[in-house]
Protein chains: 2
Amino acid sequence: MRDFSRAEKALKAEGLRITRPRLVVYDYLLDNKTHPTCDQIYHSIVNDYPHISFSSVYNVTEKLSNSGLILKLVSPCGEMHYDSTNCFHGHFYCLKCSCVLDLDLPDVKSFYKPISGSTTTSITISAEGICPMCSKNEQVN
Amino acid sequence: MRDFSRAEKALKAEGLRITRPRLVVYDYLLDNKTHPTCDQIYHSIVNDYPHISFSSVYNVTEKLSNSGLILKLVSPCGEMHYDSTNCFHGHFYCLKCSCVLDLDLPDVKSFYKPISGSTTTSITISAEGICPMCSKNEQVN
DNA sequence: TGGGTAAATTATAATCATTCTAAATAAGCA
DNA sequence: TGCTTATTTAGAATGATTATAATTTACCCA
């Protein structure tokens, strides 16, 4: 049995009920910085927790992202990915292998000017291209 | 009959065949800077061009965005929008009415540092929030 | 100008990620 | 421990997008 204390503490701090699907999904995200989709999360945890359902993974990621514990990212092809890091950074999406990598970026506030009369809740910076690993493989072939 | 000369010229310049669906869809995008989805494009043009099919709208937007004539945008909820403007700018997505507005932004190159070994094909900056019109309506209610 | 060929269009079916539904289960409080 | 309500679950439904295969069209060239 894994140690879910960190996940449990965070859920409690947000006033969320402690349930097994939430612990398992959130702990997986805390441990894996690969920005998985719901499908990938499901297949990664279903061995250790055979009774989990797709619905639960969708429910849990929705709940956690609404609470601000995790980030919901949308890839250039419209797939939803989840990220347990909540400090600001950008994302790089590989067009070949669909991996998602973190980008270090300066504070956005320095150049972002909101549209007059609008309210901004989040800013996203992302890049598309070929990741280092795929670039390397291309040269070989 | 509309004047499709601008659309026709652009298609020719890209070496693309001049077809009615392409002229109609591209001309619509040139005239409407509302960043519509394929569904919205279809419903906007079907009256003037009753025989157009959903497939054609999808095919045409795909072809035009691959050629660089139009931009394919993904909204925070994963919907695909299309934009005939091809100079760099950001986008603001309203969480209430789902409208998409243009954002003026400085040149990204000033702060973007690509991941070592990667190739970047495009950079995207977007913001989420409540647009000016929805903000105004909220205050009234 | 007309015929040939490859490309594009069309209508329809299929796909697939996500959401919905309703019944069963479990969390957390008294 | 029992109660109430939120959560989970399995399966069905949805809906945007993609695939298929037949028809039509664009455009090159004689």
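Chain naming here is simple, since letters A, B, ... match the order of the sequence lines and numbering starts at 1 in each.
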Point to revise | Inter- and intrachain pairs under side chain to side chain donor-acceptor pair (under 3.5 Å), touching residues 9-19 of chain B, at least two apart | key: B:E8-B:K12

Study note, to complete from the structure: Per atom distances to the B:I52 side chain, the nearest of C:dA8, D:dA10, C:dT10 is C:dT10

Review point. Taking only side-chain nitrogens and oxygens of B:S53, does any of them come within less than 4.0 Å of OP1 or OP2 of C:dT10?
Key: yes

Revision key, fill the gap. Rounded to whole Å, the CG-C1' distance (B:L23 to C:dT9) equals 14 Å

Exercise for review: Applying side chain to side chain donor-acceptor pair (under 3.5 Å), name anything that partners B:Y49, two or more places apart in sequence or on another chain.
Suggested key: none

Check your understanding: Minimum heavy-atom separation for B:S116 to A:P132, with atom names?
Key -> O-CG, 3.4 Å

Review point. Does A:Y58 have any ring pair (Phe, Tyr, Trp, His ring centres under 6.0 Å) partners at least two apart in sequence or in another chain, and if so, which?
Key: none

Check your understanding: Would you call A:D27 and A:R2 a salt bridge, taking side-chain N to carboxylate O under 4.0 Å as the test?
Key -> yes

**Study point:** Spacing of A:I41 atom CD1 relative to C:dA17 atom C1', expressed in whole Å
**Key:** 14 Å

Revision key, fill the gap. In whole angstroms, the gap separating P of C:dA8 from CG of B:N66 amounts to 12 Å

**Study point:** Residue-phosphate contact under 4.0 Å: A:Y49 side-chain N/O, D:dT9 OP1/OP2
**Key:** yes

Practice item. May I have the distance from A:H43 (atom NE2) to C:dA17 (atom C1'), rounded to whole angstrom? Key: 12 Å

Exercise for review: Indicate for each nucleotide in nucleotides 16-27 of chain D, in 5' to 3' sequence, whether protein heavy atoms under 4.0 Å reach the base (B), only the sugar-phosphate (S), or nothing (-).
Suggested key: SBBB------BS

Practice item. May I ask you to check whether A:F4 and A:Y26 place their ring centres under 6.0 Å from each other? Key: no

Check your understanding: Which residues pass the side chain to side chain donor-acceptor pair (under 3.5 Å) test with B:H89, sequence neighbours left out?
Key -> B:D83, B:H91, B:D102

Point to revise | A:C38 to A:T61 - nearest heavy-atom pair and separation | key: SG-OG1, 3.4 Å

Practice item. Take the C1' atoms of the five end pairs on each side of the helix from C:dT1-D:dA30 to C:dA30-D:dT1, get both axes, and report the angle to 10 degrees. Key: 40°

Check your understanding: Do the rings of A:H43 and A:F54 sit parallel, tilted or perpendicular, given the 30° and 60° boundaries?
Key -> perpendicular

**Study point:** Rounded distance (Å) that lies between atom C1' of C:dT19 and atom NZ of A:K63
**Key:** 16 Å

